[in-house]
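Each remark here refers to the structure printed beneath this line.
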Amino acid sequence: MKFEVKRVKIVVTVPEEDVDKIRNAVCDAGAGVIGDYSFCTMSTKCTGTFMPNDNANPYIGNNNNKEYVTEEKLEVVCDVEKVKSVISALRKVHPYEEPAIDIYPLIDEDNFA
């Protein structure tokens, strides 16, 4: 069985205070459209951990210290042809030096018998 990927899900962790800014940026860039609806997103509270090394310029925390941060995981669907512009818009407004961005291919239910 062969699948054609037309849409992806973009997932990124964001400091709680920046979720709306990121949500607006990715949706304004064309993500978050499901049928006749726009700005379709989902967010879940989570705890992120990281330890910036000596070369990092952390937005939160200090170099060489393990940090625990309350974040939101923001999820949004996106047409494949818009992924580059959506990720670019996300990076322009995301406060982290290196945001963790996941891109998952989505399989449309019409691909199944």
Side-chain angles (χ1 to χ4, degrees):
M1 186 177 279
K2 199 172 192 178
F3 300 112
E4 181 183 356
V5 176
K6 296 178 183 176
R7 297 183 343 140
V8 300
K9 181 171 280 191
I10 298 171
V11 180
V12 62
T13 54
V14 181
E16 288 180 298
E17 64 271 12
D18 294 300
V19 172
D20 283 334
K21 179 171 59 174
I22 305 295
R23 178 181 286 118
N24 289 337
V26 297
C27 290
D28 286 343
V33 176
I34 300 175
D36 293 331
Y37 295 83
S38 60
F39 278 77
C40 300
T41 68
M42 202 263 281
S43 62
T44 309
K45 293 206 184 297
C46 58
T47 301
T49 62
F50 59 91
M51 186 182 327
N53 67 25
D54 287 330
N55 297 320
N57 183 23
Y59 173 70
I60 297 171
N62 298 301
N63 297 68
N64 300 306
N65 288 324
K66 187 169 18 173
E67 303 292 340
Y68 295 82
V69 180
T70 301
E71 297 175 309
E72 288 196 36
K73 179 171 61 171
L74 182 65
E75 302 181 41
V76 62
V77 296
C78 181
D79 292 339
V80 169
E81 64 271 2
K82 295 180 181 177
V83 170
K84 285 286 202 178
S85 61
V86 168
I87 296 297
S88 177
L90 185 159
R91 288 185 184 279
K92 284 181 186 171
V93 297
H94 200 294
Y96 290 172
E97 183 176 25
E98 296 288 341
I101 302 168
D102 299 326
I103 303 172
Y104 300 104
L106 297 177
I107 301 170
D108 192 290
E109 66 186 88
D110 292 340
N111 284 291
F112 298 93

Quiz item: Under the ring-ring contact (aromatic ring centres under 6.0 Å, His included) test, which residues partner Tyr68, sequence neighbours left out?
Solution: none
Quiz prompt | Lys6 bridged to Glu81 by N-O distance under 4.0 Å | solution = no
Practice problem: Work out which heavy atom in Ala25 is nearest to a heavy atom in Val93; give both atom names and the distance. | Solution: CB-CG2, 3.6 Å
Quiz item: Checking Asn111 side chain against Ile107 main chain: does a donor-acceptor pair fall under 3.5 Å?
Solution: no
Quiz item: Rounded to the nearest 0.5 Å, what separation is found between the CD1 atom of Ile101 and the CD1 atom of Ile10?
Solution: 8.0 Å
Self-check item: Hydrophobic cluster membership, Val5 vs Val83, 4.5 Å side-chain cutoff
Solution: yes
Quiz item: Would a hydrophobic clustering, with Ile, Leu, Val, Met, Phe, Trp and Tyr connected at side-chain separations under 4.5 Å, put Ile103 with Leu106?
Solution: no
Quiz prompt | CG-CD distance between Asn55 and Glu97, expressed to the nearest 0.5 angstrom | solution = 9.5 Å
Self-check item: Gap separating the CD1 atom of Ile34 from the OG1 atom of Thr41, nearest 0.5 angstrom
Solution: 9.5 Å
Quiz prompt | Given Val26, Asp79, Val8, Asp28, the one that forms side-chain contact (heavy atoms from CB on, under 4.5 Å) with Val86 | solution = Val26
Quiz item: Minimum heavy-atom separation for Pro58 to Gly61, with atom names?
Solution: CG-O, 3.7 Å
Quiz item: Roughly how far, to the nearest 0.5 Å, is the CG atom of Leu90 from the CG atom of Leu74?
Solution: 8.0 Å
Quiz item: Hey, does the side chain of Asp102 reach the backbone of Val12 with a donor-acceptor pair shorter than 3.5 angstrom?
Solution: no
Self-check item: Student check: side-chain heavy atoms of Lys9 and Pro105 closer than 4.5 Å
Solution: no
Quiz item: Hey, does Ile22 have a side-chain heavy atom less than 4.5 Å from the side chain of His94?
Solution: yes
Exercise. Calculate, to the nearest 0.5 Å, the distance between atoms CD and OG1 belonging to Glu71 and Thr49 respectively.
Key: 9.0 Å
Quiz item: Any donor and acceptor pair, going by atom type alone, linking the side chain of Asn24 with main-chain N or O of Cys27 inside 3.5 Å?
Solution: no
Practice problem: Might you work through the side chain to side chain donor-acceptor pair (under 3.5 Å) test for Asp54 and Asn64, ending with a clear yes or no? | Solution: CA-CA 7 Å; Asp54 287 330; Asn64 300 306; 2.5 Å; yes
Quiz item: Quick check: does any side chain N or O of Glu16 sit under 3.5 Å from a backbone N or O of Glu72, one acting as donor and the other as acceptor?
Solution: no
Quiz prompt | Pair Val11-Lys73, side-chain contact (heavy atoms from CB on, under 4.5 Å): steps then yes or no | solution = CA-CA 7 Å; Val11 180; Lys73 179 171 61 171; 3.4 Å; yes
Exercise. Begin from the C-alpha positions of Tyr96 and Ile60 and carry the test side-chain contact (heavy atoms from CB on, under 4.5 Å) through to its verdict.
Key: CA-CA 8 Å; Tyr96 290 172; Ile60 297 171; 3.9 Å; yes
Quiz prompt | Asp108 side chain reached by Phe3 side chain, heavy atoms, under 4.5 Å | solution = no
Practice problem: Inspect the surroundings of OH in Tyr37 and state if more than 12 heavy atoms from other residues, nucleotides or ligands are less than 6.0 Å away. | Solution: no
Quiz prompt | Main-chain N/O of Pro52 paired with Asn63 side-chain donor or acceptor, under 3.5 Å | solution = no
Practice problem: Please name the pair of heavy atoms, one in Lys82 and one in Gly30, separated by the smallest distance, quoted to 0.1 Å. | Solution: CD-O, 3.8 Å
Quiz item: What is the distance from atom CZ of Arg7 to atom SG of Cys78, rounded to the nearest 0.5 Å?
Solution: 9.0 Å
Quiz item: Looking at the rings of Tyr59 and Phe50, which for Trp means the six-membered one, are their centres under 6.0 Å apart?
Solution: no
